[in-house]
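Heads up, the thing below is written out as structure tokens.
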Amino acid sequence: MAPKRTKNKAPSADPQGMFAGMVVFLIENSVQSRRLQIWKQKLEQMGAKIETHLSKKVSHVFAMSSDALFHHVDKDQLARFKGVGTPTSSLPYSPPDLNKDITEIFGKLINIYRALGDDRRSFSYYKAIAVVEKLPFKIESADQVKNLPGIGKSLQDHIQEIVTTGKLSKLEHFETDEKVRTISLFGEVWGIGPATALKFYEKGHRALDDLKSDNSLTNVQKLGLKYFDDIKTRIPRNEVQEMESLLQKVAEDIVSGVVVVCGGSYRRGKASCGDLDIIITHPDGKSHKGFLQKYVKRLKEMKLLREDLIFSTHSEEGTDQGVDTYFGLCTYPGRELRHRIDFKVYPRDIYAFGLIAWTGNDVLNRRLRLLAESKGYRLDDTGLFPATHGSGSKRGARGTTSLKLETEKEVFDFLGFPWLETYERNL
DNA sequence: AGGCTGTACTG
DNA sequence: CAGTAC
DNA sequence: GCCT
DNA sequence: TCATG
DNA sequence: CATGA
């Protein structure tokens with residue numbers, strides 16, 4: 001390339017650069033801040049202008065992943081860029097998506113084993129999917145996966161059968177088995193797990209209607225049954241957003257300064273959510289006490305909260321440092337469709353741990369807790385504690401206080417876990 | 001052989 | 001304590 | 001089911 | 001921390 | 001992304 005007077009010394013903007021005239025908005029997801037800087041300087045060298053906000057002037061948007069892109073730019077904003085001659089087409093750093101035949105089958109097995117109560121085995125398939133998904137090629141023989149982590153003899157055989165016959169007889173068998181199908185169905189009801197599902201099956205029940213007339217149903221199971229379809233209905237992201245701000249207003253109205261955040265899959269940037277996870281605290285470290293009861297009462301009055309599933313209040317005026325919890329059903333203002341909603345109220349000093357735990361996802365939580373354990377700590381949603389191992393005080397010992405980490409970042413750093421933005425936590 | 005995240009409520 | 005849920 |  | 005290949 | 005200044 002004929003470099004016309006390579007000015008390596010002063011990386012000044014080159015008005016003739018190939019990116020001349022571009023106004024760029026960089027989505028910093030902090031994946032590799034190192035790499036980000038490189039992009040910045042490269043772009044500026046090539047004549048582009050970096051914009052710190054997504055203003056009207058922006059002509060191009062860069063993101064490390066589609067997830068990151070979606071988190072920062074909503075549909076309307078995105079529409080402006082569609083079709084325009086941008087490098088957007090080269091952006092979707094989307095994983096190959098190859099071997100979908102295998103991961104789809106494993107996905108079904110995950111649900112089946114979970115329904116049967118075999119969580120461990122279920123998780124093995126979960127881990128296997130993560131491994132297979134990342135392969136840059138289409139598997140054609142079991143030999144290609146025999147040395148991959150999380151894939152042992154049994155899963156090799158599964159893969160072999162899938163790539164040669166296109167299906168898995170084991171799954172076919174499960175899917176036609178009335179017992180498995182029935183237990184899986186019953187297990188989808190909130191409050192019914194593997195054991196209860198099996199019990200109902202052995203009683204002769206085969207359909208949800210059979211359950212409605214069973215007198216051994218608990219209260220929450222009755223609710224789970226009554227609103228079975230409602231609860232399964234996913235909530236569009238924009239509706240969650242509206243409910244979050246509504247919940248924030250109502251909370252502020254009760255105690256000024258209270259912090260209300262919607263966690264869960266919403267905070268992880270998903271386009272739709274199965275439920276609402278609301279995490280609450282107060283900066284002054286004490287005003288959170290007794291808040292939840294007033295809050296729930298108020299939300300019921302305005303018909304946002306409709307039915308209760310679990311309501312435990314641990315922090316009523318006392319030296320108690322507990323976490324108040326509410327699980328229930330709610331409706332979007334003006335509608336009747338029930339959604340699952342959870343509230344967790346944390347004292348300010350352990351808020352970060354609650355935030356991490358209730359933002360998830362579950363895989364990340366497991367990894368963080370395992371990592372903590374490997375470093376001699378015990379991590380949960382209420383804090384990070386020096387391991388009370390074998391000898392010494394029992395677990396119930398409430399004298400042990402959590403290490404003081406104020407933010408999620410501090411917790412990640414302390415554990416030596418690479419920082420993940422909320423929308424990067426869909427592991 | 002035994003772990004696989006760790007905690008809390010309901011009944 | 002078993003079962004369930006997060 | 002996989003891993004140690 | 002920045003620049004290079 | 002590893003490497004070097």
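Order of the sequence lines sets the chain letters (A, B, ...), proteins ahead of strands, with each chain counted from 1.
- When the C1' atom of D:dC2 is taken as reference, atom CZ of A:R366 falls 13 Å away, rounded to whole Å.
- Among the nucleotides B:dT5, C:dT4, D:dC2, the one closest to any side-chain atom of A:A195 is C:dT4.
- In this structure, A:K344 and A:S124 both approach DNA chain B, and ranking their closest nucleotides by distance from the 5' end singles out A:S124.
- Residue A:D277 is classed as a sugar-phosphate contact, given heavy-atom separations below 4.0 Å to backbone atoms only.
- Across the protein-nucleic acid pair, A:Q221 atom CD and C:dG3 atom C1' stand 9 Å apart, rounded to whole Å.
- Residues A:R267 and A:T422 have side chains that never bring a donor and an acceptor to within less than 3.5 angstrom of each other.
- If you check every strand for non-hydrogen atoms under 4.0 Å, A:L368 touches nothing.
- Look at OH on A:Y326: it is 15 Å from C1' on C:dA5, rounded to the nearest Å.
- Between B:dT5 and D:dC3, the two P atoms lie 15 Å apart (nearest whole Å).
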(request) Check step by step if salt bridge (charged side-chain N to carboxylate O under 4.0 Å, His left out) holds for A:E373 and A:R369. (result) CA-CA 6 Å; A:E373 189 192 0; A:R369 289 168 187 191; over 6 Å; no

All N/O donor-acceptor pairs, side-chain side in residues 194-202 of chain A, below 3.5 Å, sequence neighbours left out:
none

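- Side-chain nitrogen and oxygen atoms of A:T218 include none within less than 4.0 Å of the OP1 or OP2 phosphate oxygen of B:dT10.
- Of all nucleotides listed (C:dT4, C:dC6, B:dC9), B:dC9 comes nearest to the side chain of A:I310.
- By the salt bridge (charged side-chain N to carboxylate O under 4.0 Å, His left out) test, A:K232 is found to be paired with A:E188, residues two or more places apart in sequence or in another chain being considered.
- By the 30° and 60° cut-offs, the orientation of the rings of A:F412 relative to A:F417 is perpendicular.
- In this structure A:E104 satisfies the salt bridge (charged side-chain N to carboxylate O under 4.0 Å, His left out) test with no other residue, sequence neighbours excluded.
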Exercise answer: donor-acceptor pairs, residues 138-151 of chain A side-chain atoms, under 3.5 Å, sequence neighbours excluded:
residue	atom	partner	partner atom	Å
A:S141	OG	A:D143	N	3.0
A:Q144	OE1	A:E140	N	2.5
A:Q144	OE1	A:S141	N	2.9

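- When the P atom of B:dT5 is taken as reference, atom NZ of A:K375 falls 18 Å away, rounded to whole Å.
- Contacts of A:L309 with the nucleic acid, taken as non-hydrogen atoms under 4.0 Å apart, are absent.
- Under the ring-ring contact (aromatic ring centres under 6.0 Å, His included) criterion, A:F327 pairs with no residue, sequence neighbours left out.
- If you take CZ of A:R367 and C1' of B:dG6, they are 18 Å apart, rounded to a whole angstrom.
- A:D380 comes within contact range of the sugar-phosphate backbone alone, with a heavy-atom separation under 4.0 Å but no base atom that close.
- The aromatic ring centroids of A:Y326 and A:Y295 lie 6.0 Å or more from each other.
- A:V189 comes within 4.0 angstrom of the backbone, heavy atoms only, and of no base.
- The A:F123 side chain lies nearest to B:dT5 when the options are B:dT5, B:dG11, C:dA5.
- Here the side chain of A:R369 is nearest to one of C:dT4, B:dT5, D:dC2, namely B:dT5.
- Here C:dT4 presents its C1' atom at 7 Å from CH2 of A:W190, a figure rounded to the nearest Å.
- Regarding contacts with the backbone of C:dT4, a side-chain N or O of A:T196 is found under 4.0 angstrom from either OP1 or OP2.
- Picking from B:dC9, C:dC6, B:dG11 the nucleotide with the shortest atom distance to the side chain of A:S312 gives B:dC9.
- Atom CG in A:D342 sits roughly 13 Å away from atom C1' in B:dA8 (whole-Å rounding).
- The side chain of A:E373 has B:dC4 as its nearest neighbour among B:dC4, C:dT4, C:dA5.
- The listed nucleotides are D:dC2, B:dC9, B:dT5; the one nearest the side chain of A:S154 is D:dC2.
- Using atom P as the reference point in both C:dC6 and B:dC4, the two lie 22 Å apart (nearest Å).
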Each nucleotide N or O in nucleotides 1-3 of chain B that has a protein N or O under 3.5 Å away: list the pair and distance.
none

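- Comparing C:dT4, B:dC4, C:dC6 by their closest approach to the side chain of A:R120 singles out B:dC4.
- In this entry the distance linking CD1 of A:I110 with P of D:dC2 reads 13 Å, nearest Å.
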